[in-house]
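Numbered from 1 within each chain, the chains take letters A, B, ... in sequence-line order.
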Amino acid sequence: MPGEGFLKTKDVMKPEMIGKEVMLRGWVYRKRHIGAKIFIVLRDSEGIIQCLVVKNEVDEKTWEEAEKITRESSFMVKGIVREDPRAPGGYELKVTWLRIVGLSDVFPIRGGEGIDYLLDKRHLWIRSRKLTAIMKIKHSVLKAAREYLVRNGWWEVTPPIITASACEGGATLFEMKYFDRKAYLSQSAQLYLEALIFSLEKVWSLTPSFRAEKSRTRRHLAEYWHLELEGAWYHMEDMMKVSEELVSYIVKRVLEERSEELEFLKRDKVMLERALEIPYPRIKYDEAIEILQRKGFRIEWGEDLGADEERALTEEFETPFFITHFPKQIKAFYMKLDPQRPDVVLGFDMLAPEGYGEIIGGSEREDSYEKLLQRIHELGLDPKEYEWYLDLRRYGSVPHSGFGLGVERLVMWISGIDHIRDTIPFPRFRERVYP
RNA sequence: GCCGGGGUAGCUCAGCGGUAGAGCGCCGGGCUGUUAACCCGGUGGUCGGGGGUUCAAAUCCCCUCCCCGGCGCCA
């Protein structure tokens, strides 16, 4: 980083730094002017520290700058570190020199604003300590995922974002102009990953996925980050094992690296510690229906689980858990039918506890050309759209499985926050693409 | 798309037929330990838009736009 000699707040707030003169730079988090004293709380990427400017103990220019400085202005400051229980965090800087870098206009966010206003000012709200903490957690989630996958021999690949056809659920695709034709923004890299396993065997990708669903819930984004895996020779059970190892590893690393941020967000770490132990519980769809019926839900075998049902199930567990073997009519065409029981698919969802719900969806894929074609017909899809995908079953087909993880859903659960919009810097919903 | 809630000062809201209000912010002043500091003074509005009823509409009626919460769908 340019500018030698500047320290970070976290490097300064230590017993061994007491009495030393240090230089810091950052932004004004809070300012309070009391007579001949000015308290300026400095915020940098690592935290906050209170700076005290006393009128008769600094040069005239420094005092003028301190009087003039406004909330969220950027500035540089020099001072002596000291301990003081009255300062937030227990340490403060007795200022000897201070200069404004960029004077801030009146900052439009002060606290107590409504959500719509805050979303309009997202580019400014993004610097809040809460969102900063969540973004750091997300960083650790992605880093941990990559660590796990690299260590276990998974190849990272880069599938396309622009696609020619529908794959699954054509109604929820974003259409775009592609030269003089139509194309779509990708909803999933899965089909492309399937093509890549024939050489690399174990592949994964991290891409944005786009869903033009008109959903209005706290768990949906129109643009989200999708972590997808696909493995040749993997059967459903093998892939479930990979998914729980991955999730428990991510949780472990976040607990190690982001303890401070979890505390700032008041996340109950005990709930996360429970997720370290694998395997996670597994129930079949049939059992899920029985549990729900016992709880008084009016749901019949064959119906998809709604939000209330899903929430009720997550209350039965204290760790993430799997639901498997769904009726084929509620799942996608590419899922392999259970050879023991052809009315259900070899599919699995991983649900996070505490009401957070689905974070992973995966399955073993249908590897037989004939059966896949039959499923396409059964579901009224156009085989022409899937010609290249069907080809994969004609040239050395292999049993294989995969899953997709919604990064923001995982971050939401790990962070313990109540709305997915805060897991992504600039959330996209149906009613919002600005800023 | 459906159900519910809401659009009044820069922000958060009250007012719900009779001359538009509060708190915070902002501006000026004061204060040598503040923690979203406090105290005094000042500033601030086509009441989302359009139409209608009425002597009189922020308030009642109709239409419309936007937002929030939830559902369906999904990661």
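Distances shown here put a side-chain N or O of A/Arg421 below 4.0 Å from the OP1 or OP2 atom of B/G69. The side chain of A/Arg430 contributes an N or O atom lying less than 4.0 Å from OP1 or OP2 of B/G1. The phosphate of B/G25 (OP1 or OP2) has a side-chain N or O of A/Arg110 nearer than 4.0 angstrom. Checking the phosphate oxygens (OP1, OP2) of B/G69, a side-chain nitrogen or oxygen of A/His419 falls inside 4.0 Å. Close to B/C71, at under 4.0 Å from its OP1 or OP2, lies a side-chain N or O of A/Arg311.
Under 3.5 Å, the side chain of A/Arg82 and the base of B/G33 form at least one donor-acceptor pair of N or O atoms. One N or O donor and one acceptor, one from the side chain of A/Glu92 and one from the base of B/G33, sit under 3.5 Å apart. Not a single donor-acceptor pair, N or O on each side, falls under 3.5 Å between the base of B/C2 and the side chain of A/Arg216.
To the nearest 0.5 Å, the span separating CZ on A/Phe210 from OH on A/Tyr184 amounts to 15.5 Å. Rounding to the nearest 0.5 Å places CD1 of A/Ile291 at 12.0 Å from CD1 of A/Ile299. Here the CH2-CD distance, from A/Trp63 to A/Glu57, works out to 10.5 Å after rounding to the nearest 0.5 Å.
Stacking of A/Tyr224 onto the six-membered ring of B/A75 is present: less than 5.5 angstrom between centres, less than 30° between planes.
The closest donor-acceptor contact from the side chain of A/Lys202 to the backbone of A/Asn152 lies under 3.5 Å.
The nucleotide whose nearest atom lies closest to any side-chain atom of A/Val106 is, among B/C74, B/C26, B/C67, B/C26.
Donor-acceptor pairing under 3.5 Å is lacking for the side chains of A/Tyr334 and A/Glu194.
Distance, A/Glu213 CD to B/G1 P: 15 Å, rounded to whole Å.
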Pairwise N/O distances under 3.5 Å, protein to nucleotides 28-32 of chain B:
| from | atom 1 | to | atom 2 | distance (Å) |
| --- | --- | --- | --- | --- |
| B/C31 | N3 | A/Gly35 | N | 3.4 |
| B/U32 | O4 | A/Asn56 | ND2 | 3.4 |

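Using a 4.0 Å heavy-atom cutoff across all strands shown, A/Glu223 reaches no nucleic acid atom at all.
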